[in-house]
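The structure presented is a predicted model; accordingly, all values stated were derived computationally and were not measured.
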Amino acid sequence: MLCNNLNKQGTYVVLLCAVLFQALAGKYLIGYESPLMFCELEPHISGASGIVLSLMKVYFVVPFILLIFWGGAGNLISGYAVLEIVRNKSRYHIIVNAFSGAAAQLAMIVTAEVLIFFLIFHQAAGELKTEVWLQEIFRYYLGLLFVTIIMYFLELFTDMTVSFIIANLYFILSVVLPVLLNSNGKNRFIGLLFPAYYAFSNDVGKSNFYAVSDFPMSDILYVIGLAFLISIVFCRIYIRSDII
């Protein structure tokens, strides 16, 4: 347990360094002016350049965030869960604690990331409309939460490392496909197969940086509904699974 805590603390330190590097490199090396660059794609730049820029802006810190939640579902089918059940806690109670804890922890991580970017891009952040950055950050958080739930779900069936790799690949495809398809607007087909795609903006930071993005509420509800559905399936499978 002490070793796991130390490893997690080390991951937080690495994540903090990655966020700082991403923000400083984006502002001073590449010249971005948007404090929301971490949730913006580059679909208007085709080819390898657009892919590299989009991954650097959106995906760079994601592996470190997922590492913090790595093995979360694995603990629910191992010795940790046995101890909780011995304490007369139901499996429903264990799942609710695990998912709510992960959601709250992710919210704190995203909040810290936003604060760092807003401090470094403080001039542009001061001109950004409140409804814009609230909408973009919520979508970004929702996309990360969806991928985390996917990783938890996969851990019920596969090795935790394999689940981590698949979750990362899923996120990468959500970033790369819009660039490959040169999708300057929201692509419904990509969004249906890769809901994390709805976490990103194609236009914030461009010509309408200070205007509210045209983003239907139905897309957000689709991601929330699908995440809820996966969570229910996860719950039912977990209730019937054997605790090691």
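When side chains are defined from C-beta on, E113 counts as touching I65, because their heavy atoms get closer than 4.5 Å. Looking at heavy atoms from C-beta onward, H122 lies out of side-chain contact with F118 at the 4.5 angstrom threshold. Between F164 and E155, the closest side-chain pair of non-hydrogen atoms is not below 4.5 Å. The shortest side-chain heavy-atom distance between F60 and L55 does not fall under the 4.5 Å cut-off. Side-chain contact between I237 and F157 is present, with heavy atoms from C-beta onward closer than 4.5 Å. The side-chain heavy atoms of F64 and I68, taken from C-beta on, include no pair separated by under 4.5 Å.
Listed here is the closest heavy atom pair of A167 and M151: CB-CB, 3.8 Å.
Under the 4.5 angstrom side-chain criterion for Ile, Leu, Val, Met, Phe, Trp and Tyr, the cluster partners of I232 are F228.
Between R139 atom CZ and L134 atom CG the span is 12.5 Å, to the nearest 0.5 Å. Atom-to-atom distance recorded for L106:CG and T111:OG1 is 9.0 Å, nearest 0.5 angstrom. A distance of 11.5 Å separates CG in L66 from CD1 in I150, rounded to the nearest 0.5 Å.
Residues passing the side-chain hydrogen bond (donor to acceptor under 3.5 Å, both in side chains) test with T148: none are found, sequence neighbours excluded. For F99, the ring pair (Phe, Tyr, Trp, His ring centres under 6.0 Å) criterion is met by Y152, F234, not counting sequence neighbours. Scanning for side chain to side chain contact (heavy atoms under 4.5 Å, CB included) contacts around A103 gives Y141, L145, with sequence neighbours left out. Residues passing the side chain to side chain contact (heavy atoms under 4.5 Å, CB included) test with I165, sequence neighbours excluded: T161, L169. Residues satisfying the ring pair (Phe, Tyr, Trp, His ring centres under 6.0 Å) criterion with Y59, sequence neighbours excluded, are absent altogether. Contacts of S231 classified as side-chain hydrogen bond (donor to acceptor under 3.5 Å, both in side chains), with partners at least two apart in sequence or in another chain: none. A98 is linked by a side chain to side chain contact (heavy atoms under 4.5 Å, CB included) to L76, counting only residues two or more places apart in sequence or in another chain. For I166, the side chain to side chain contact (heavy atoms under 4.5 Å, CB included) partners two or more places apart in sequence, or in a different chain, are L154, V162. Among residues two or more places apart in sequence or in another chain, the ring pair (Phe, Tyr, Trp, His ring centres under 6.0 Å) test is passed with F138 by none.
For residues 63-73, there are no side-chain hydrogen bond (donor to acceptor under 3.5 Å, both in side chains) pairs, not counting sequence neighbours.
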Exercise for review: Take V114 and F38 through the side chain to side chain contact (heavy atoms under 4.5 Å, CB included) test and state the conclusion after the steps.
Suggested key: CA-CA 9 Å; V114 170; F38 56 87; 3.8 Å; yes
Check your understanding: Would F171 and L144 satisfy side chain to side chain contact (heavy atoms under 4.5 Å, CB included), going step by step from the backbone distance to the final call?
Key -> CA-CA 9 Å; F171 195 95; L144 289 177; 3.9 Å; yes
Side-chain atoms of residues 13-22: list all donor-acceptor pairs with protein atoms under 3.5 Å, sequence neighbours left out, distances to 0.1 Å.
{"residue": "Q22", "atom": "NE2", "partner": "M56", "partner atom": "O", "Å": "3.0"}
{"residue": "Q22", "atom": "NE2", "partner": "K57", "partner atom": "O", "Å": "2.6"}

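Residues I224 and F146 share a hydrophobic cluster, clusters being chains of Ile/Leu/Val/Met/Phe/Trp/Tyr side chains in contact below 4.5 Å.
Remark: side-chain polar atoms of K27 are paired, donor with acceptor, to backbone N or O of I120 under 3.5 angstrom.
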